[in-house]
Structures are given as structure tokens and as C-alpha cells.
Amino acid sequence: MQQAGNLAARPVAAGAASDLLTVQDIKREYRVKGGLFRQDKITHALKGVSFAVKRGKTLAIVGESGCGKSTLARILTLIDAQTAGELQIEGEIINIAAQPVAPALRRKVQMVFQNPYASLNPRQKIGSILAEPLLLNTNMSAAARQKSVAEMLKKVGLPVEAHNRYPHMFSGGQRQRIAIARALMLQPKLLVLDEPVSALDLSVQAQVLNLLADLQDEFHLTYVFISHDLSVVRYIADDILVMCFGEVAEYGSCEEVFCNPRHNYTKKLFEAQPHADIASIQRRIEARQKAVEQQTGA
Ligand SMILES: Nc1ncnc2c1ncn2[C@@H]1O[C@H](COP(=O)(O)OP(=O)(O)OP(=O)(O)O)[C@@H](O)[C@H]1O
Ligand SMILES: [Mg+2]
């Protein structure tokens with residue numbers, strides 16, 4: 001672990017002011033017990049990952065199973081601590097191994113998980129699930145919490161009556177809307193979404209992606225979006241980070257990486273997803289670029 005000290009939470013000048021999140025050479029090792037007469041094994045889940053995400057933008061993280069995406073998500077959402085390296089949110093260096101995270105900081109970052117069936121308590125009504133973050137983190141009155149819940153249900157496209165029902169009374173897409181609503185209750189700045197639509201069928205995926213795009217505009221949210229599906233990434237992301245065995249294989253804008261993949265691993269990843277139709281994704285990106293150039297007279 002990084003040594004405790006003055007690294008816990010001090011403002012720094014480094015990083016562009018427009019960056020909400022900066023990650024510098026983050027490493028994460030896991031020690032797995034070897035058992036009787038066997039040595040402990042060290043897994044290097046992240047071997048030095050660096051990137052930045054601008055305010056209001058979306059960074060997609062792609063890569064094969066086991067390359068470290070969820071490990072990174074847990075570090076970004078302050079659930080887990082890095083072994084080395086530096087994490088900054090709004091210019092503040094954060095090291096949860098050195099010092100407990102201040103509640104105001106924890107509120108800035110929220111996570112949406114892949115499986116909305118497992119991430120919602122089946123015994124809690126939706127109203128109580130959504131009000132809980134407010135109950136635990138604010139001094140709002142019961143009436144104000146109820147009002148906030150009703151407003152958020154509307155924002156994510158669910159009827160207000162949903163507050164009185166249990167999670168099993170909703171479809172997968174509706175449950176993911178509830179999970180997104182819960183993540184937004186404390187007005188975070190950064191949402192880390194770990195495969196948020198992969199458990200949903202195609203038409204529902206599109207609805208949830210549209211909802212996420214609308215919410216991003218409305219609340220000026222910054223997203224880190226983990227996905228294995230390149231057509232989803234093309235739709236939602238501004239930038240892409242391609243990970244391979246705990247390292248960054250490629251990092252750039254959607255345009256750069258889709259139209260001109262430089263790393264062999266990225267090319268192989270694209271070839272492995274014929275359904276994503278990379279050629280048509282490239283054509284659409286180029287057409288969009290041309291339209292922007294014509295508009296701006298570039
Ligand atoms: N708590 C842990 N203890 C030990 N090893 C772990 C732990 N969590 C993750 N790992 C290991 O770290 C590596 C990265 O795992 P991670 O879950 O981050 O991958 P991933 O990219 O999210 O995979 P997937 O696409 O399948 O979700 C794997 O080798 C995994 O076995
Ligand atoms: Mg994962």
C-alpha cells in the first residue's frame with residue numbers, strides 16, 4: 001500500500017482544470033493465500049494505468065475478461081484502495097488507504113453495477129431504496145426525501161407509484177433505471193458504470209443508453225463506462241481506454257481509436273466483434289466529423 005502521510009487529500013495544481021478525474025500510474029496487486037506448504041501468490045490486476053476524464057464527458061473502458069476493469073472501477077469509486085499510484089477527483093488527491101474518505105467526497109462518485117437483480121435489496125420498497133442515501137447522508141426531512149424520490153423516479157422514466165413496489169415487480173430495464181436513480185440521489189459528479197446494459201436485451205439497452213445520455217446532459221455528469229460491446233461504446237463514449245492484462249493498450253478519442261487503431265490488441269478486439277460492424281462505425285464517425293467541419297467552416 002502507498003505510505004500513509006500527507007497524500008490523503010490535498011489539493012494539487014497538476015491536471016487540467018477541465019479534468020474531473022485523473023488517474024496516474026495506478027497499480028493494484030492482490031495477495032492470494034497459498035495454503036499449507038504453498039507460497040502466497042501475487043496477482044497484478046493493474047500494472048500502472050493512467051488516464052484523465054474531462055467534466056461532462058464519457059470514457060469507455062474495454063478489454064477482455066480479467067484485464068482489470070472492475071478492479072479499476074472499485075478504485076475509482078473509493079470502494080478499494082490502489083497499491084500504488086495517484087487518484088485525483090476535482091484536483092484533490094485521494095488515498096483511502098491513508099485516511100477515511102470524507103462524506104462530501106464519497107457523494108461525488110457513485111457506481112452502477114451490471115446486474116440490477118443483485119444490486120437492489122428484494123425486501124426493500126423502491127421508495128425506501130431511493131430515500132436511503134438521503135437518510136444516511138443528509139439532514140433532509142421525511143417529506144423532502146419523499147419529494148426528491150418522486151422527482152427522481154420521473155427523471156428516470158418511472159411512474160411515481162413505483163415507490164410503493166418491490167424490485168421483483170419490475171423488468172430488468174426498469175430495475176436498471178431504479179439503480180441509476182439510486183446512484184443519482186446524492187447528486188454525484190462522476191458515475192462509474194460497470195457493464196450497465198450487458199444484462200439487458202437490445203431494445204432495452206438502447207432505451208437505457210438514451211436515458212444515460214439525457215441524464216448526462218441534464219446533470220452535467222461525467223461517466224466512466226465499462227463495456228465489452230463496441231457498438232455500445234461507439235454510441236455512448238467520447239474517449240476509449242483499451243486495457244490488456246492490467247495495462248493500457250490504447251487510449252484516445254473514439255475517432256482516433258475506432259478509425260485508426262494502432263495497437264495489435266485493439267485490432268484483434270475489433271475483429272473479435274463482427275456484430276459491432278467496425279467499418280460502419282468508422283463510416284458514421286467520419287460522416288459526423290465532416291458534418292462538424294462543414295458547420296464550423298474548418
Ligand atoms: N479480491 C480479489 N482477490 C484476488 N484476485 C482478484 C480479486 N479481484 C480481482 N482479482 C483478479 O484480478 C484480475 C482482474 O479482475 P477484474 O475483476 O478486475 O477483471 P475484469 O476486467 O472486470 O473482468 P470481467 O470482464 O470478467 O468482469 C483477475 O485476474 C482477477 O482474478
Ligand atoms: Mg468485471
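Excluded from the calculations below are hydrogen atoms, water molecules and symmetry mates; all remaining heavy atoms, backbone and side chain alike, are included. One is the number of the first residue; the rest follow in order along the sequence. One-based numbering, in listed order, for ligands and for the atoms of each.
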Among all protein heavy atoms in this structure, tell me which lies nearest to [atom], with the distance rounded to 0.1 Å.
atom                    : value
atom 25 (O) of ligand 1 : Lys69 NZ, 2.7 Å
atom 18 (O) of ligand 1 : Thr71 OG1, 2.6 Å
atom 29 (O) of ligand 1 : Thr43 CG2, 3.9 Å
atom 6 (C) of ligand 1  : Tyr30 CD1, 3.2 Å
atom 12 (O) of ligand 1 : Ala45 CB, 3.4 Å
atom 14 (C) of ligand 1 : Gly66 O, 3.4 Å
atom 24 (P) of ligand 1 : Ser65 OG, 3.6 Å

Open item on the list: Determine whether any protein heavy atom is located less than 4.0 Å from atom 9 (C) of ligand 1.
Closed with: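 So far as the 4.0 Å threshold goes, atom 9 (C) of ligand 1 is in reach of a protein heavy atom.
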
Open item on the list: Within the protein, is there a heavy atom lying under 4.0 Å from atom 31 (O) of ligand 1?
Closed with: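 It does not: no protein heavy atom is found less than 4.0 Å away from atom 31 (O) of ligand 1.
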
Task: Parallel, tilted or perpendicular: rings of His168 and Tyr166 (30°, 60°) - done: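 Judged by the thresholds at 30° and 60°, the geometry between Tyr166 and His168 is parallel.
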
TODO: Look at the aromatic rings of Phe258 and Phe270 and report parallel, tilted or perpendicular, splitting at 30° and 60°.
DONE: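 Aromatic pair Phe258/Phe270 classed parallel.
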
Taking 4.0 angstrom as the limit, do [X] and [Y] come out as a salt bridge?
X      : Y      : value
Lys147 : Glu151 : yes
Arg182 : Glu132 : no
Arg28  : Asp80  : yes

TODO: Please tell me if the side chains of Leu72 and Val192 come closer than 4.5 Å, counting only heavy atoms from C-beta onward.
DONE: no

- [ ] Just jot down the ligand 1 atoms closer than 4.0 angstrom to any heavy atom of Arg74, in number order.
- [x]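 The atoms of ligand 1 under 4.0 Å from a heavy atom of Arg74 are 8 (N).
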
- [ ] Please identify which atoms of ligand 1 are closer than 4.0 Å to at least one heavy atom of Gly68.
- [x] 14 (C), 18 (O), 19 (O), 20 (P), 21 (O)

TODO: May I have the step-by-step check of side chain to side chain contact (heavy atoms under 4.5 Å, CB included) for Thr58 and Val53, ending in yes or no?
DONE: CA-CA 7 Å; Thr58 300; Val53 193; over 6 Å; no

Open item on the list: If you measure every N or O of Ser70 against every N or O of ligand 1, does any of those distances drop under 3.5 Å?
Closed with: yes

Task: Ser70 near the Mg ion (ligand 2): N/O/S under 2.8 Å - done: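 An N, O or S atom of Ser70 is closer than 2.8 Å to the Mg ion (ligand 2), so yes.
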
- [ ] Would you please say whether a donor-acceptor pair under 3.5 Å links the side chains of Asn210 and Tyr235?
- [x] yes

Task: Any donor-acceptor N/O pair, Ser70 side chain to Ala73 backbone, under 3.5 Å - done: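 Between the backbone of Ala73 and the side chain of Ser70 there is no qualifying donor-acceptor contact (under 3.5 Å).
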
